[in-house]
Structures are given as C-alpha cells and as structure tokens.
Protein chains: 2
Amino acid sequence: MPRPSLKAERRAQILTAFGRCLARYGFEGASLERVAEEAGLARALIRHNIGNRDQLIDAFVTEFLERSRADTAALVAGLPKTGRVKRLIEDLFDPDYIDAEGAAIGSALLAAVDLHPGLSAAMLAWNGEFMAALAQILSSESTADAQALREVAAGLAALYANVEAMAAIDRQGTLRADSQRAALRLVATLPGLEALGRP
Amino acid sequence: MPRPSLKAERRAQILTAFGRCLARYGFEGASLERVAEEAGLARALIRHNIGNRDQLIDAFVTEFLERSRADTAALVAGLPKTGRVKRLIEDLFDPDYIDAEGAAIGSALLAAVDLHPGLSAAMLAWNGEFMAALAQILSSESTADAQALREVAAGLAALYANVEAMAAIDRQGTLRADSQRAALRLVATLPGLEALGRP
DNA sequence: AGGTTTATTGTCAAGTCCGATAATTTTGGA
DNA sequence: TCCAAAATTATCGGACTTGACAATAAACCT
C-alpha cells in the first residue's frame, strides 16, 4: 500500500558517489555535500537512506570489503588451469585491468585508518585477504614453503599497489612495464617457476 | 633598527606543522586552523609569514623535495664501500629508519596530485630521483643493463613504499620482514648479486 | 476518492574554514 | 625617551559542512 521504496537504488547510488569522492578528494574531502552533488541527489537523501557521516563510512567500508573479495575471487576464477602465475601477473599489470579509482579509494581509506573506528581492522583484513589469495595461487605451481610464498606474495602486492598508486603520474607506462618485469623476476625465485624469469 | 625578524623560525615551524597535519588528516584535512593549532600559533601568522593556502602548499612541496633529496643523499652517503646493496636493503627496511610520517606525507601529496597545480610534476620528480638513486647503487655492484636495473629499482621502491604505507597496520612487523626478504630475492636476480638471495 | 507510507524538498542553527584588514604590542636602535 | 619595523592580536564577512526537523509531493492500495 505504500509508495515503493527506493532504498536499494539510492543506497547504491550514494555509496558509488562516496567512492568517487573518496578517490578524488580523500577521506576528509569526501564531504556529504560533494557526495550528494556527485550522486545527483539532495543531501537530505543521504540522511534519509543511510544516515549520518559515520554510518555512511561504515556502510561504504563493508561494501568495499565485499566488492574487494568478489574482485579477487573473480581474478582467481579467471585464471587458466596451467600457467596460472604467468597469467596472474599479466592480469595484475594489464593496463586495462588497472583500476585507478579503486586504488585511490584503498589508499584514501588506508591513510585514514586513525580517523575512524574500525577502519584499521577493515584495512588489515583487506590486505590480508589479498595477500593470502596471491600466496594461494603461487602455491599451486610451486613447492616453496609458506614463508617463501608470503615473501613473494608481499612483493607482488607491493608492486601492484605501487603501480596503481603511481598510475596518475606514470604517463608513459614505463613504471608499469618495469614493475611487471620485476614481478616476473620475483616469482622466478620460487622453485618450479624459474622459467618465468627469462621470457 | 627594526624589531628582529622571525620569518625563518616561524616559517620552519609552520611547514613542520603542515607536514604533521598532512600526515594525519590528508591533503584536504590539513586546514589552516589545524596547522596553526599544531604549530602553536595564531592562524593569522601563517598568512603573515607564508601567505594563503596555495602558497603554503607550494612552500611545503619545495621544502619537501629538498629534504627528500637530502635524505636519499644521506642514505647513499651512509653506505659502505663494499656490500653496498646488502646494506642498502638493511637500511631501507630497518624498523628504526622507517619514517611513517614521511611516508604518509608522500602518499597524501601523491593522492592530491590532481588538486593542486604543479603537484603532479613535483611528485614525478620525487619518485624519479629516488628510483634513480636506487638504480645507481645497484649498478655499483652489478653489470646488469640499465633496463634490468630499472626493473629491480622499481621493485625495491615499491616494497619500501608499501611497507611504509602499511606501517600503521603491520603491528607484528611480519609484512616488513617478508618485504625485506622479497627485496633480497629481487636483487639476487641481478648478475653479481646472486649471493644475496641465500642469506 | 481517500488514506498511508515513502520520497523529496526546504529551512534552520551551530560550527568550521578562509581571506582580508585593522589595531595593538614588542623590540632594537637613534 | 621616542621612532620605525616587525610581530602579534582582534575581528569581520562569506562560503562550506553537518545535524536536525518540518513540510510537501508522490505512489500504491482499498
């Protein structure tokens, strides 16, 4: 009998806009005014659909974590049966795959870890899950022990993060190319993957 | 005959405070009010000694570049005559050397590249100079070509940047330790440095 | 048509931020 | 003691930000 609820659409709309503002203006720069403008809605609708700023942040962070999990799951699912590591690196450093906005959101949240309760734990999980996925993939083609896998996974994650963070500056893409080859060098130090070092 | 000028001290005071705010609150969060409070000065004194916000940012950025250059110069100068690369990695990943605030400033500026004219060029130079210094050090103990040196330098820079960015989260220091060993793996792929891979 | 639930708009109050300018005070030297 | 230059303080106006609540409009159902 009532007017149909638009909460779901509005909510998605607002969270998307918040992500964009986060990427562009950073944590403190992502004001409700800007979010509302970006979403094409009146500011009061943020309050109506989600709540105050803290609640918006909480909602965004949980959604961000879910989406990140889905993204890495998709990345893993997209790998072939053989040559997984080779393909993983191609995907990670594929200029088309690189998501500058997602990276900007990640580093904005990371930098704001001390400004919002719970953010620290969320980002810790975020990073841990990604690294675990990388280590898992590496383990499928190498007999290295867990320690070695963690080391190389840390290297891959760092190279990937750095490329995305610098994407706005790396106009020529040389950093991207160099990082990709560095990634190959690194994985080639693992037993079973030596061949990737000499392409 | 006039009253003695305090511009130099005040200026340094203000730039230091701005750096702290930048690290804590990000680019948009580093308001003049906060900077003034952090510096223990009235806001009007920022205007008196440096100027408006844009001028403050410009002043900070040039000072930041100078200090970064001095820091890397000191890093290079502190290396021994032999075993330079080994020592470089020990220094880069030394928990005591790690400067969380400096890293936070760097990523805050990097994230704000589109928000302030000239910032993009400054951060490009910042990154380029650091990578060049790394490549230079590597070249002193390896016969690898410039391309290979760039690749490994990119890897080292990425690992270092990632460790500093995650420092706030990496309570146990496991990421730091893993990253350090990944760095050793990486440099050991260069001719002349193979020994560093097996410590 | 009328009623009910929801969306949407409008508006207010308190606090923050920035630029600007006018007092006022302090300090060293004549 | 008194002057000049600089530091410091005091204030203002306009814009932005957030929280809160009231009022209006829209959609669905009976």
Side-chain angles (χ1 to χ4, degrees), chain A residues 1-61 108 111-112 114-119, chain B residues 1-61 108 111-112 114-119:
Chain A
M1 80 264 266
R3 179 173 177 175
S5 176
L6 299 180
K7 289 247 176 185
E9 295 94 305
R10 292 287 175 258
R11 194 183 153 87
Q13 223 176 130
I14 292 166
L15 293 183
T16 299
F18 185 66
R20 261 195 253 281
C21 291
L22 216 47
R24 249 184 256 150
Y25 306 109
F27 191 79
E28 303 247 333
S31 71
L32 296 188
E33 301 274 4
R34 280 175 169 163
V35 173
E37 155 136 28
E38 174 73 32
L41 298 175
R43 185 169 62 88
L45 288 185
I46 296 178
R47 177 166 211 70
H48 180 64
N49 286 284
I50 296 191
N52 64 18
R53 186 165 207 271
D54 281 339
Q55 294 171 304
L56 171 59
I57 293 170
D58 287 337
F60 180 83
V61 169
D114 291 328
L115 299 179
H116 187 81
L119 203 46
Chain B
M1 79 260 271
R3 178 173 176 177
S5 174
L6 298 181
K7 289 247 173 179
E9 296 93 304
R10 292 286 175 260
R11 194 184 153 87
Q13 224 176 130
I14 292 166
L15 292 183
T16 299
F18 185 66
R20 262 195 254 281
C21 291
L22 216 47
R24 249 185 258 148
Y25 306 110
F27 191 79
E28 302 249 332
S31 70
L32 297 187
E33 304 273 3
R34 279 174 170 163
V35 172
E37 156 135 28
E38 174 73 32
L41 299 174
R43 184 168 62 87
L45 289 185
I46 296 179
R47 175 165 212 71
H48 180 64
N49 287 283
I50 296 192
N52 64 18
R53 185 164 208 271
D54 281 340
Q55 294 171 305
L56 171 59
I57 293 170
D58 287 337
F60 180 84
V61 169
D114 291 327
L115 298 179
H116 186 79
L119 203 46

_Qualifying residues under side-chain hydrogen bond (donor to acceptor under 3.5 Å, both in side chains), relative to B/E38, sequence neighbours excluded_ = B/R20, B/R24

Polar atoms only, N or O, under 3.5 Å: list the protein pairs with nucleotides 21-26 of chain C and their distances.
unit_1, atom_1, unit_2, atom_2, d
C/dT26, O2, B/R3, NH1, 3.1

*asked:* Enumerate the ring pair (Phe, Tyr, Trp, His ring centres under 6.0 Å) contacts for residues 20-57 of chain A, please, sequence neighbours excluded, ordered by first and then second residue.
replied: none

*A/S5 side-chain N/O to C/dT5 phosphate OP1/OP2 under 4.0 Å*: no

*For A/L6 and C/dT9, give me the distance from atom CG to atom C1', rounded to whole Å.*
15 Å

*Stems involving DNA chain C, each a run of at least 3 consecutive Watson-Crick or G-U pairs under 3.5 Å*: C:1-30 with D:1-30

*Just jot down the side-chain contact (heavy atoms from CB on, under 4.5 Å) partners of A/D114, sequence neighbours excluded, or say none.*
none

*How many Å lie between CG on A/L45 and P on C/dG10, as a whole number?*
11 Å

*Specify the separation, in whole Å, of atom CG of A/N52 and atom P of D/dT17.*
17 Å

_Sequence-distant partners of A/R43, side-chain contact (heavy atoms from CB on, under 4.5 Å), two or more places apart_ = A/L32, A/E33, A/A36

*Could you walk me through whether A/V61 and A/H116 pass the side chain to side chain contact (heavy atoms under 4.5 Å, CB included) check?*
CA-CA 11 Å; A/V61 169; A/H116 187 81; 5.7 Å; no

*Along DNA chain C (nearest heavy atom to each residue), the more 5'-positioned of B/P4 and B/R34*: B/R34

*Give, for atom CG of A/L119 and atom CG of A/D58, the distance between the pair rounded to the nearest 0.5 Å.*
9.0 Å

_What is the distance, to the nearest angstrom, from the NE2 atom on B/H48 to the C1' atom on C/dA20?_
15 Å

*Write down the distance between CD1 (A/I46) and C1' (D/dC21), rounded to a whole number of angstrom.*
17 Å

*Taking atom C1' of D/dT8 as reference, at what distance in whole Å does atom NZ of B/K7 sit?*
13 Å

*For A/N49, which residues count as a side-chain contact (heavy atoms from CB on, under 4.5 Å) partner, sequence neighbours excluded?*
A/K7, A/R10, A/I14, A/L45

_Nucleic acid contacts - residues 8-28 of chain A versus DNA chain D, non-hydrogen atoms under 4.0 Å_ = none

Shorter than 3.5 Å, N or O on both sides, protein versus nucleotides 13-16 of chain D: list them out with atom names.
none

*Residues, nucleotides or ligands: over 12 heavy atoms within 6.0 Å of B/Q55 CD*: yes

_Atom pair distance, as rounded to whole Å: CD1 in A/I50 and P in D/dA20_ = 16 Å

*Where do A/A59 and A/R11 come nearest, in terms of heavy atoms and distance?*
CB-NH2, 3.9 Å

*Do you know which two heavy atoms are closest between B/I50 and B/L56, and how far apart they sit?*
CG2-CA, 3.7 Å

*Excluding sequence neighbours, so at least two apart, what forms side-chain contact (heavy atoms from CB on, under 4.5 Å) with B/A30?*
B/F18, B/C21, B/L22, B/R53

*side-chain hydrogen bond (donor to acceptor under 3.5 Å, both in side chains) with A/R47: which residues, sequence neighbours excluded?*
none

*Tell me: CG of A/L32 to C1' of D/dT18, nearest whole Å?*
7 Å

